[in-house]
Amino acid sequence: MKERRPRTFSTLLQCILISVAVVKAIEPVSTSLIVGAGAAALGNRLYRYIYEGCDEQWIHFNATGLKHDLQTKLFGQHIASQVILKAVTGFMNNKNPKKPLVLSLHGWTGTGKNFVSQLIAENIYHKGMSSSFVHLFTATAHFPHEVHIDTYKTQLQEWIRGNVSICARSVFVFDEMDKMHPGLIDGIKPYLDFYDNLNGVSYRQAIFIFLSNAGGENIVQVALNFWKDGKEREEIQLKDLETALSLAVFNNKNSGFWHTSLIDKNLVDFFVPFLPLEYKHVVQCGLAEMAAKGITRNEKAVEQMAHDLNYFPKEERVFSMQGCKVISSRLDFYI
């Protein structure tokens with residue numbers, strides 16, 4: 001299905017000019033009536049062109065686009081790609097979901113968690129992450145002081161309630177979950193549960209995405225064990241990670257999920273592991289960044305940059321410690 005996009009401003013101007021020409025050809029008695037109705041209709045269309053609305057003109061899920069983006073832009077994450085695609089596609093195609101979609105993305109920094117959130121938003125909203133229906137919270141920026149936890153909780157609840165009231169198809173992204181107070185997360189539990197509505201507001205069409213480094217050590221250990229056993233990276237399956245990951249996050253006092261009701265009430269639909277990246281993936285990230293910046297492809301420069309990054313284990317240099325996090329800033333130095 002071809003994605004619907006707002007008409008260009010020039011197209012709207014053409015419509016206005018054509019309408020004026022048609023009005024001039026009609027008898028004077030009915031002209032004023034048509035001008036009034038036509039101006040109102042065109043004004044409404046112009047308003048919809050300029051201002052984002054909670055409708056199909058601005059919100060349209062592109063399953064094919066999400067699949068393509070995950071396959072061609074997210075490197076080294078075969079498990080995350082499969083889980084995200086199935087989870088988001090299934091949810092968006094469900095006309096009557098029983099609860100909001102809740103995804104918890106885990107892994108070391110630079111493995112693609114924030115990037116996946118961006119890809120999801122870009123394939124739902126015309127304006128992507130800039131959409132007024134996508135809400136990003138960062139623990140250290142929005143909830144920095146533990147003494148104000150009760151105030152934060154109230155403000156967060158009001159923000160979620162107010163914005164879902166405006167648009168049921170809203171996305172809420174919580175970054176740095178490992179730095180977030182558990183009580184704050186429990187405060188939004190009612191919005192993630194199996195309720196028809198709360199005080200007249202239904203949250204069933206919303207998406208909540210949690211990003212965290214917590215559990216990253218468990219994921220790395222599994223990847224290392226597979227490598228030491230001589231197994232291919234692609235042999236790692238979700239079942240090899242999911243149970244250990246959820247338990248590690250639940251029992252980690254620094255996870256943000258520590259003993260929260262989100263886990264013991266099974267409100268998180270998927271714990272999505274992001275594997276540590278290898279040298280070849282860092283190279284792929286570098287080439288993709290080069291293309292995004294419109295720079296002439298230079299594999300030698302990218303390979304040198306990737307080589308100079310830190311890897312572990314120290315001797316074998318298998319997994320990158322920074323992942324693709326520093327690629328954008330480092331690349332300019334090697335070109």
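Q118 and N114 share no donor-acceptor pair across their side chains, judged by distance under 3.5 Å alone. Between T111 and Q77, the side chains place no donor N or O within less than 3.5 Å of an acceptor N or O (distance only, hydrogens not considered). Looking at T138 and E176, their side chains never bring a donor and an acceptor atom within 3.5 Å of each other. In this model, no donor atom of one side chain and acceptor atom of the other lie less than 3.5 Å apart for Y125 and R169.
Within a 6.0 Å sphere centred on CD of E146, other residues, nucleotides and ligands contribute 12 heavy atoms or fewer. Other residues, nucleotides and ligands contribute at most 12 non-hydrogen atoms within 6.0 Å of the CH2 atom of W159. Taking a 6.0 Å sphere around NZ of K99, one finds it holds more than 12 heavy atoms contributed by other residues, nucleotides or ligands. Surrounding CD of E315 are at most 12 heavy atoms belonging to other residues, nucleotides or ligands under 6.0 Å away. Remark: K228 NZ is loosely packed, at most 12 non-hydrogen atoms of other residues, nucleotides or ligands lying under 6.0 Å away. Within a 6.0 Å radius of CG in D308, more than 12 heavy atoms belonging to other residues, nucleotides or ligands are found.
Counting only residues at least two apart or on different chains, the ring pair (Phe, Tyr, Trp, His ring centres under 6.0 Å) pairs with a member in residues 297-325 are W108-F312, F312-F319.
A distance of 5.0 Å separates CD in E52 from NZ in K127, rounded to the nearest 0.5 Å. Taking CG from L103 and CZ from F208, the interatomic distance works out to 11.5 Å, rounded to the nearest 0.5 Å. The distance from atom CG of L105 to atom CD1 of I209, rounded to the nearest 0.5 Å, is 6.5 Å. Between atom CE of residue M290 and atom CG of residue L331 there is a gap of 4.5 Å, rounded to the nearest 0.5 Å.
S117 and M129 make their closest contact through O-SD, 4.0 Å (heavy atoms, listed as atom of the first residue, atom of the second, distance). Across all non-hydrogen atoms, the minimal contact from V282 to A306 is CG1-CB, 3.8 Å. Closest of all the heavy-atom pairs between L238 and F271 is CD1-O, 3.8 Å. Counting all heavy atoms, side chain and backbone alike, P190 lies closest to Y195 at O-CD1, 3.3 Å. In plain terms, the two heavy atoms of A87 and F270 that are nearest each other are CB-CE1, 3.6 Å. Considering all non-hydrogen atoms of both residues, L192 and L267 come closest at O-CD2, 3.9 Å.
The side-chain heavy atoms of H145 and Y152, taken from C-beta on, include a pair separated by under 4.5 Å. With contacts defined as side-chain heavy-atom distances shorter than 4.5 Å, the pair W58/S131 does not qualify. In this structure, the side chains of V302 and E299 stay at 4.5 Å or more apart for every pair of heavy atoms.
The closest donor-acceptor contact from the side chain of K113 to the backbone of F274 lies at 3.5 Å or more, if one exists at all. Side chain of R330 to backbone of M305: no donor-acceptor contact under 3.5 angstrom is found. In terms of modelled atom types and a separation under 3.5 Å, the side chain of H78 and the main chain of I236 share a donor-acceptor contact. Using modelled atom types, one side-chain atom of T89 and one backbone atom of L85 make a donor-acceptor pair closer than 3.5 Å. The closest donor-acceptor contact from the side chain of S202 to the backbone of N197 lies at 3.5 Å or more, if one exists at all. One N or O on the side chain of N225 and one on the backbone of Q221 form a donor-acceptor pair closer than 3.5 Å. K293 places a side-chain N or O within donor-acceptor distance of the main-chain N or O of S328, the cut-off being under 3.5 Å. When atom types are taken as modelled, the side chain of D229 and the backbone of K231 share no donor-acceptor pair closer than 3.5 angstrom. Of the possible donor and acceptor atoms, one in the side chain of D269 sits under 3.5 Å from a partner among the backbone N and O of V102. Without hydrogens or angle criteria, D240 side chain to Q237 main chain gives a donor-acceptor distance under 3.5 Å.
F226 and Y279 are assigned to two separate hydrophobic clusters, defined by single-linkage of ILVMFWY side chains at heavy-atom distances under 4.5 Å. F75 and L70 fall into different hydrophobic clusters, where Ile, Leu, Val, Met, Phe, Trp and Tyr are joined by side-chain heavy atoms under 4.5 Å apart, directly or via other members. One hydrophobic cluster, built from ILVMFWY side chains closer than 4.5 Å, cannot hold both L287 and L74; they sit in different ones. At a threshold of 4.5 Å between side-chain heavy atoms, the hydrophobic network of Ile, Leu, Val, Met, Phe, Trp and Tyr places L277 and L224 in two separate groups. F172 and F115 fall within the same hydrophobic cluster, where Ile, Leu, Val, Met, Phe, Trp and Tyr residues are linked whenever their side-chain heavy atoms come under 4.5 Å apart, directly or through other members.
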**Message:** Is there a side chain to side chain contact (heavy atoms under 4.5 Å, CB included) between H135 and I160? Walk through the geometry before answering.
**Reply:** CA-CA 9 Å; H135 312 276; I160 293 174; over 6 Å; no
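Annotation: cation-pi pair K98/F194 absent, no NZ/CZ under 6.0 Å from the ring centroid and within 45° of its normal.
Ring pair F137/H142 is perpendicular by interplanar angle, where above 60° counts as perpendicular and below 30° as parallel.
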